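All values reported here derive from a predicted model rather than from experimental measurement.
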Amino acid sequence: MSWIEEGSRRFHSEISSTSLVLDLLKEHQFIENVGEILIEAGEIEDCTRCSYQARGLKVDGYYYDSDTSRLNLIVALWKDEIEEAKARVTKTEIEDTFRRCLNFFNRSLANLSEKIEIANEAHDLARLIQECRNDILNITIILITDGIAERRPAEFQTIDGIEIKKIIWDIKRILDFIETGEREAITVDFGEEGKIPCLYETNGSGVYTSYLAFIPGDLLANLYSQWGTRLLEMNLRVFLSARGKVNRGIRDTIINKPSMFCAYNNGITVIARNINFEKADGCSGYLLGASDFQIVNGGQTVASLYHAKRRQKADLSDIHVPMKLIRIIKEEDIKALVPRISEYSNTQNKISLSDLTANDKPHLELHELSKRIQAPDPTGGSRISYWFYERARGSYEETRRLDAKTPAKEKAFDAVYPKNQRFDKGMFGKVWNTYLRKPYVVSLGAQKNFAEFNSWLKEQEHELEPFFKQTVALLILWRDAEKIVRKQGFEGYRHNIVTYTLAWLFELTRSRVDLKKIWHEQKSENAVLVAIEEMCQIVEAHIKDTNQNVTEWCKKEECWRILLEKEYTLPDGIMACFMDEGSKDQRYDSRTCDERKAEEFCKDKGSKAWIELFTWAKQRNFLTGKARSQCFPWKTKKNQMQEASYPPPSDDLFWSGLFTEISSSARKRAFFRLLSLIP
């Protein structure tokens, strides 16, 4: 048996077992599994499965990035064959599958959404395409198949001004990624003439080499058009849009004063693993190309150039961007140096480095703990098993291959580390942000959810062993809730319903569900399951009670706030599933350290300061009326107002300083949160 057949056998076996547990079609489970792989590989930010097919039409998943106007469509070609000869995918099958997916897009531009059942997630996609028809600039169609396709480069075409890219992920490519975890490297050729003049300096310690150059604005815009946010995967994962002051300034300079762009802009910082360089005299030379090209600072600049070119038809021919390119010589230095380079070089918008954090504490420690902490045998017997934390994709299979080199050892390994008792960092973040009552963040997708969860996780002070056991309890609750939701026969939005239902349960029970008991029994309590079954019916109706795209509605905190206003009485007997009031088991605060500091900042200013701030902001027409009204949560007596020791509204120096302080997004979030805490 070839390595492809062997890998395919394991891959199909996992799909079969998981689909059986979750009562899913094998093709649908395949789409969900590969969707996670595409996210991990950086092809897409998130994946919403929306399997739909009709005559001449087919689509199976999507992700739309409104900031970059890029639509990703996923279409599956399911073979369900392991033998190489039977698993071959013909060119005709490929072209037909691409054509059916493109037909779905074209039909959606008209009125296809009216012909799709509203409960089907494909209805949301068709409606989104129709509503955003004038905004969509790029489409990437990703054909996924469990068959073997002939290797071919990405194909590009332009239809009615929309750039369309077609790529294939077949079983070989899927298995390659599972095996190595390596993403396709971004390779760049510099300039129309094939080279860019530069200066260079070699670090004396041999750690890195720096190159200073000016890169054409058109080249950067074209790179962003081809690679999107993958250019920024060690930096920002999203373009912050042109609403912010920094981005508006960049855009206005591009359009109105392109010749001044180089003078006004800080430029970009880039890292690369390999440089194609032609040396000249002294410390000068020419950059010919680079591989694994990553922008670690300046994502806003690149995205702004792209959008100005596409949306405002800006001429970028006179724009050259200062570029500092760093080649880190030793592979082992990359993970340590890139976050520091990105953090220290950034002077515009604060960035978040979520992609590298799974290699940091406490993920490494939790991974090791997962191989040592024995799960209780729910039968009361002596069966040994573990919950395996797969912090890096493929680590479970790699451990299995190393430890189980015979069929007998494979069987023994699978008994001790069952496949249904492994979880990855995406699931890790999902269950905890649900427990922290942030279902709207969970609904943002795996990457963004994990980034927020990880920021919170790094600030927690806890013993890792109890924390790991609580994590497993939350995983058990999630999986039980998932089974219940599936049995209801709801069409679509399963993850949204599960996270909102469980978050609501934790809210109503004040996080008193006894996670320690779930860990010891390795199952959820019946009274809790009854509550989940009843509550998910309310949640399903709630998230669909909107004129908006349901998926987008679930990403908004307002969706969560409105759900909290609904009435539900917990079932009899559920109190027996709670921790004792005096329990010392640690409960967790959903706020990050920055938010807690910001709340203290707001409190320390006192009520009179906020009333004065309202007056000052209103006189200068700052913020909206609704935002200014947030300054009135306190009921302050008239004589107290007269005794205020703060400077009068006319003191611009004092109030402009305070206004600047509270305008940061962290303090705004904290201030709005603070309002709900005031009697």
Side-chain angles (χ1 to χ4, degrees), residues 1-41 43 47 49 51 60-61 74 76-84 86-87 142 144-148 169-181 367 370-371 375 385-428 430-431 446 472 475-476 478-480 482-483 486 494-495:
M1 183 180 291
S2 69
W3 74 270
I4 295 176
E5 287 189 10
E6 176 61 26
S8 182
R9 180 186 62 79
R10 293 195 304 268
F11 185 75
H12 281 85
S13 173
E14 180 180 345
I15 288 172
S16 295
S17 58
T18 308
S19 62
L20 188 62
V21 170
L22 296 177
D23 192 25
L24 264 182
L25 292 175
K26 286 194 287 186
E27 181 178 359
H28 291 176
Q29 187 61 49
F30 166 72
I31 295 160
E32 297 211 355
N33 283 14
V34 179
E36 292 177 2
I37 288 171
L38 293 175
I39 293 169
E40 189 83 11
E43 289 284 5
C47 176
R49 183 176 65 79
S51 297
D60 291 288
I74 297 170
L77 203 172
W78 175 246
K79 302 285 286 186
D80 201 13
E81 295 286 354
I82 295 173
E83 293 181 26
E84 282 193 55
K86 295 180 180 179
I142 306 173
I144 60 174
T145 178
D146 63 329
I148 302 170
W169 275 72
D170 70 343
I171 190 65
K172 281 185 179 179
R173 190 169 181 181
I174 291 168
L175 293 175
D176 279 343
F177 182 78
I178 293 174
E179 180 81 22
T180 66
H367 171 71
S370 74
K371 295 189 290 183
S385 71
Y386 300 85
W387 285 78
F388 189 100
Y389 175 35
E390 192 174 34
R391 65 175 183 83
R393 181 171 293 278
S395 61
Y396 175 87
E397 286 295 341
E398 179 64 17
T399 304
R400 187 175 184 268
R401 280 194 293 272
L402 291 173
D403 293 355
K405 296 181 178 179
T406 66
K409 287 183 177 180
E410 279 186 1
K411 187 175 181 180
F413 182 93
D414 292 344
V416 174
Y417 296 102
K419 288 185 177 179
N420 66 345
Q421 288 185 195
R422 65 172 174 172
F423 62 98
D424 60 16
K425 64 180 184 182
M427 202 68 214
F428 190 14
K430 209 180 277 187
V431 299
V472 171
L475 286 164
I476 292 170
W478 178 283
R479 291 177 179 180
D480 287 342
E482 215 169 17
K483 292 175 187 175
R486 285 209 177 278
R494 170 170 51 91
H495 285 92

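- Ring geometry, Phe11 versus Phe30: the interplanar angle exceeds 60°, so the pair is classed perpendicular (tilted spans 30 to 60°).
- The side chain to side chain donor-acceptor pair (under 3.5 Å) check on Ser17 picks up nothing, with sequence neighbours excluded.
- Partners of Glu410 under the side-chain contact (heavy atoms from CB on, under 4.5 Å) rule, at least two apart in sequence or in another chain, are Arg400, Ala404.
- Side-chain atoms of Arg49 never come within 3.5 Å of backbone atoms of Gly35 as a donor-acceptor pair (strictly under, hydrogens ignored).
- Leu77 pairs in a side chain to side chain contact (heavy atoms under 4.5 Å, CB included) with only one of the listed residues (Ile144, Asp170, Asp146, Thr145), which is Thr145.
- Using a 4.0 Å cut-off between charged side-chain N and carboxylate O, Glu6 and Arg10 make a salt bridge.
- Under the 3.5 Å distance criterion, the side-chain polar atoms of Gln29 are left unmatched by any main-chain donor or acceptor of Ser16.
- Residues satisfying the side chain to side chain donor-acceptor pair (under 3.5 Å) criterion with Lys26, sequence neighbours excluded, are Asp80.
- Scanning all heavy atoms of the two residues, the minimum distance from Ala415 to Ser385 falls at O-CB, 4.1 Å.
- Residues passing the side-chain contact (heavy atoms from CB on, under 4.5 Å) test with Ser8 are His12, Ile82, Ile171, sequence neighbours excluded.
- In this structure, Ile39 and Cys47 approach most closely via the heavy-atom pair CD1-N, 3.8 Å.
- Residues passing the side chain to side chain donor-acceptor pair (under 3.5 Å) test with Glu81: none are found, sequence neighbours excluded.
- The number of heavy atoms from other shown groups lying within 6.0 Å of NZ (Lys371) is above 12.
- To the nearest 0.5 angstrom, Phe177 atom CZ is 9.0 Å from Leu38 atom CG.
- With Tyr396 as reference, Phe413 is the one residue of Trp387, Phe423, Tyr417, Phe413 to meet the ring pair (Phe, Tyr, Trp, His ring centres under 6.0 Å) rule.
- Shown here are the salt bridge (Lys or Arg N to Asp or Glu O under 4.0 Å) partners of Glu83, two or more places apart in sequence or in another chain: there are none.
- A salt bridge links Glu43 with Arg173: the closest approach of a Lys/Arg side-chain nitrogen to an acidic carboxylate oxygen falls below 4.0 angstrom.
- Within the 4.5 Å cutoff, the side chain of Lys79 has no heavy atoms near those of the Ile148 side chain.
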